[in-house]
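Because the structure is predicted, anything quoted here is derived from the model rather than measured. Every heavy atom of this structure was used, including side-chain atoms; hydrogens, water molecules and symmetry mates were not.
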Amino acid sequence: MKRIIYILLLAMGMATVAPMVSIVENTASAVYAADARAKAQAQREKERAKRQKEREKAKAKAAKEREKAAAQKKKEQAKAAAQKKKDRDRAKAQQAKAKSNTKAQANAKTKASSKPQLTAAEEKAAYMAQVAAIDKANAKAQAYNERDIAHRLGFWGLVGYSNLFTSGIRYEEAVGLGFKNKDKGFVGGGLGIGYQLRYKQFLFTTGLEFTSYNSIMGLSNTPEGHVMRTFGMNPYPNTMKYTYDFSSVNDQIVSGFAQIPLLFGMELKKVPLFWQAGVKVGMGVMGISKLKGNMTTTIKDEELIVDLEKMYSHALVTDEKLSRPSSSVKFGINVAASAEIGMYLDPWIKSSAKVRVSLFADYGFLNALSYKAPAGAQDLPMQLAVPGESPLDFKINSALQTTSAADAKVNPFLVGAKIAVWFDLPRKNKQLREYPKAPTPRMGVYMYDENSALALGGVAVEITNTETGKTMQKNTNRQGILQGRFAPGTYRISATKNGYYPSDTILKTVEVFDFDTLRLPLERIPAPIIYTLCMNIYDAETKTPIEATVRLTAQQDTVALYTAQSSDDGFIETPLTEGTYIAHLTGQGYMPKDDTLHFVRDTFDLYMQHIKEGIKVKIENLFFATNKTYILPQSEQAMSDLANFLTENQGVTIHITGHTDAVGTDEANQILSEGRANAVKADLVKRGIAAERITTEGKGEKEPVANNDTEEGRALNRRVEFTITGTAGEDIEQVF
């Protein structure tokens with residue numbers, strides 16, 4: 001029993017002590033929290049004071065820097081003012097010096113005028129420079145005066161059939177009445193004023209044009225008419241039905257556009273015709289619509305045997321005329337494609353005016369309607385009365401002002417006749433400059449080797465006056481030139497030099513200064529012929545002798561040294577010295593061929609390929625700029641020969657293939673080979689060969705014919721070939 005009492009007392013003591021301990025703990029926590037807050041507040045105040053001190057320090061530093069910058073600016077301004085004064089003083093000094101130099105130059109010019117006459121070369125150079133400058137200026141002035149160009153101002157008028165092609169009006173969706181529209185077209189036209197530029201045969205026309213696109217839009221409904229209302233009399237049901245039928249309903253729309261034409265074309269020369277095409281860009285400036293038509297009202301009643309018509313009671317009226325005041329329609333931007341073809345009457349009308357008559361067509365390919373629903377817009381042009389109102393009390397609007405036209409599209413169209421009158425603006429030509437007076441007559445002689453074109457010095461030139469008989473003999477200098485001043489008259493000139501044939505006698509008349517020095521060639525006496533060149537010409541396939549023409553030229557030269565026709569056995573011989581030559585072979589029905597001959601004392605066997613489909617030929621002596629598709633001028637003979645071959649053989653078609661060496665990437669070589677093949681084709685087309693006779697291909701480095709490890713092999717791989725792809729069954733003629 002005591003134990004139980006002790007346990008109860010202990011439990012009661014613990015229950016009393018626990019709340020007291022909790023109160024003490026809470027009190028201690030509150031004290032600690034207050035102390036922490038006080039410390040945090042003190043820290044914040046300390047940091048705030050520190051930041052304030054830093055801001056004040058920064059302000060003081062900024063003020064000091066501003067004062068320093070102001071002092072520096074003031075110093076620079078003072079320095080700039082001093083420099084400006086110094087520049088002014090220097091400019092004054094330079095001006096004074098320039099004035100002094102001008103005076104000195106004038107004095108020097110006066111002294112120069114008293115100097116001895118210029119030498120012949122100096123006199124010629126000075127005069128030629130003056131003439132060249134005048135020639136250049138006069139050539140430009142003459143080209144400017146003779147340019148085939150005209151600036152024109154004019155006006156025009158046009159009239160024809162017009163229509164506003166309208167689509168996208170959704171009458172069928174409006175209250176189920178089934179209205180449909182149909183464009184009928186109307187008369188349209190316009191007036192314009194503008195500017196025209198003619199350069200040679202080409203035309204450019206622009207200006208400002210006001211064009212009216214007009215249309216009549218027919219509106220139709222269902223054949224049964226429209227039942228909109230029913231009536232009845234109590235106790236009878238609503239068996240009386242009002243039916244409205246619309247007939248001959250037309251919406252006449254008149255639009256106006258201010259347009260800027262941009263037309264390009266050409267005037268033909270051989271026939272008095274011209275054409276132009278382009279666009280006309282405009283903005284709508286006017287839009288008027290008026291709706292007209294008839295409405296017939298009929299009452300149908302299930303209780304009656306016949307329909308009620310022509311009964312002017314119960315709001316029944318037949319053949320009511322539909323008409324309301326005109327309403328406006330807003331049009332926006334119109335971009336129309338325009339084409340024109342016509343005749344100019346200049347050959348028959350001899351006047352300053354240029355009269356043009358033509359047929360034209362304009363079609364607006366953008367939506368020109370700028371739709372904006374008006375207040376109280378309706379679903380249909382004829383919005384029937386609602387129940388409870390008079391059957392005849394309905395509104396009429398333009399078809400393009402209804403809500404059913406919210407997505408409508410309008411494409412203006414005008415086709416018809418046009419007459420234009422143009423006036424050429426006056427042209428202001430440039431004046432040509434006059435040439436200065438020629439100096440005292442002089443004469444120069446230039447002697448040169450006829451074969452090498454090199455100057456010949458030490459040539460004895462004899463000049464004789466044919467009137468006085470006075471003779472003068474002078475030798476040319478190292479440059480092959482002699483000059484002298486001669487009195488006006490006629491002179492006989494001849495020349496001699498060891499190793500050359502004497503020159504023919506030439507008459508030279510000296511009237512004014514001869515600026516083009518007389519050029520006299522001397523022919524070298526040839527050395528004796530030592531060897532004989534022999535050539536056999538064979539068919540490449542049959543190895544039989546053929547007849548062919550051989551033209552021999554020196555290497556890197558186009559002047560023929562020897563030309564001959566082979567005999568029946570294909571044999572040709574000619575005397576010739578040792579050296580390297582090019583044999584140009586041509587023959588009837590054979591491909592032209594160039595062979596390089598290193599002649600000492602040899603007999604050459606040359607083979608020619610008969611022309612037929614599938615034959616592949618390398619174009620010899622064809623040169624391009626390095627890594628480019630530009631054909632160099634020294635390829636002229638090769639391209640001329642190929643063009644002549646295709647011209648004389650109209651049935652032949654070819655396939656051109658370009659090849660490169662292995663230097664560079666595959667892609668770059670492929671592009672280069674294609675470009676070179678296309679360049680050869682373009683050159684042939686310029687020479688009159690039809691493009692459809694030529695196809696091209698590039699194979700890059702894919703088909704080498706030699707080793708790419710050597711320069712010689714790479715040179716052989718860089719080539720352009722052509723293959724005969726067709727002869728059209730024609731006889732092949734070869735004309736070199």
Return the [atom1] to [atom2] distance between [X] and [Y], rounded to the nearest 0.5 Å.
X	Y	atom1	atom2	answer
T471	I463	OG1	CD1	10.0 Å
N678	T629	CG	OG1	9.0 Å
L518	M447	CG	CE	8.5 Å
K418	E340	NZ	CD	4.0 Å
L345	I419	CG	CD1	7.5 Å
R719	I619	CZ	CD1	12.0 Å

Is any side-chain heavy atom of [Y] closer than 4.5 Å to one of [X]?
X	Y	result
F360	S338	no
R687	N644	no
K85	R88	yes
D346	P272	no
L203	L263	no
V461	I493	yes
I149	Y144	no
Y435	V131	yes

Any sub-3.5 Å donor-acceptor pair from [X]'s side-chain atoms to [Y]'s backbone N or O?
X	Y	answer
T466	Y491	no
N145	A141	yes
D424	S352	no
K474	Q483	yes
T660	G700	yes
K681	I694	yes
N138	R433	yes
R676	S673	no
R519	Y446	no
R427	H151	no

Work out which heavy atom in [X] is nearest to a heavy atom in [Y]; give both atom names and the distance.
X	Y	result
L522	S503	CD2-CB, 3.6 Å
L268	Q201	CA-NE2, 4.1 Å
A336	F365	C-CE2, 4.0 Å
F257	A368	CZ-CB, 4.0 Å
G194	W422	O-CZ3, 3.5 Å
L208	P261	N-CD, 4.3 Å

I need the single residue from V459, N475, T476, N477 that forms a side chain to side chain contact (heavy atoms under 4.5 Å, CB included) with L482. Which is it?
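Answer after filtering V459, N475, T476, N477: T476.
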For [X], does the [atom1] atom have more than 12 heavy-atom neighbours from other residues, nucleotides or ligands under 6.0 Å away?
X	atom1	value
E711	CD	yes
N498	CG	no
K269	NZ	yes
E47	CD	yes

Residue pair [X] / [Y], side-chain donor-acceptor N/O under 3.5 Å:
X	Y	result
T211	E209	yes
D666	Q670	no
N717	E701	no
T205	Q196	yes

Which atom pairs, donor and acceptor, lie under 3.5 Å between side-chain atoms of residues 64-82 and protein residues at least two apart or in another chain?
| residue | atom | partner | partner atom | Å |
| --- | --- | --- | --- | --- |
| Q72 | NE2 | E76 | OE2 | 3.3 |

Should the pair K84-D87 be classified as a salt bridge under the 4.0 Å nitrogen-to-oxygen rule?
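No, K84 and D87 are not salt-bridged.
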Please test D148 against K200 for salt bridge (charged side-chain N to carboxylate O under 4.0 Å, His left out), starting from the C-alpha separation and ending with a verdict.
CA-CA 5 Å; D148 189 11; K200 296 182 179 179; over 6 Å; no
Non-neighbouring partners of D709 that pass salt bridge (charged side-chain N to carboxylate O under 4.0 Å, His left out), sequence neighbours left out:
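Once residues adjacent in sequence are excluded, D709 has no partner under the salt bridge (charged side-chain N to carboxylate O under 4.0 Å, His left out) criterion.
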Given F204 and T206, is the side-chain contact (heavy atoms from CB on, under 4.5 Å) satisfied, shown in steps?
CA-CA 7 Å; F204 169 71; T206 187; 3.9 Å; yes
Do you know which of E450, E523, R524 makes side-chain hydrogen bond (donor to acceptor under 3.5 Å, both in side chains) with Y500?
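When side-chain hydrogen bond (donor to acceptor under 3.5 Å, both in side chains) is applied between Y500 and each of E450, E523, R524, only R524 qualifies.
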Evaluate the side-chain contact (heavy atoms from CB on, under 4.5 Å) criterion for residues R48 and Q52: first the C-alpha distance (whole Å), next the side-chain angles of each, then the deciding distance (0.1 Å), finally the verdict.
CA-CA 6 Å; R48 188 180 298 111; Q52 180 64 25; 5.8 Å; no
Determine whether F624 and L632 satisfy the following criterion, side-chain contact (heavy atoms from CB on, under 4.5 Å), listing intermediate values before the conclusion.
CA-CA 5 Å; F624 292 88; L632 296 176; 5.6 Å; no
side-chain contact (heavy atoms from CB on, under 4.5 Å) for T696 and E674? Distances and angles first, verdict last.
CA-CA 7 Å; T696 61; E674 293 174 358; over 6 Å; no
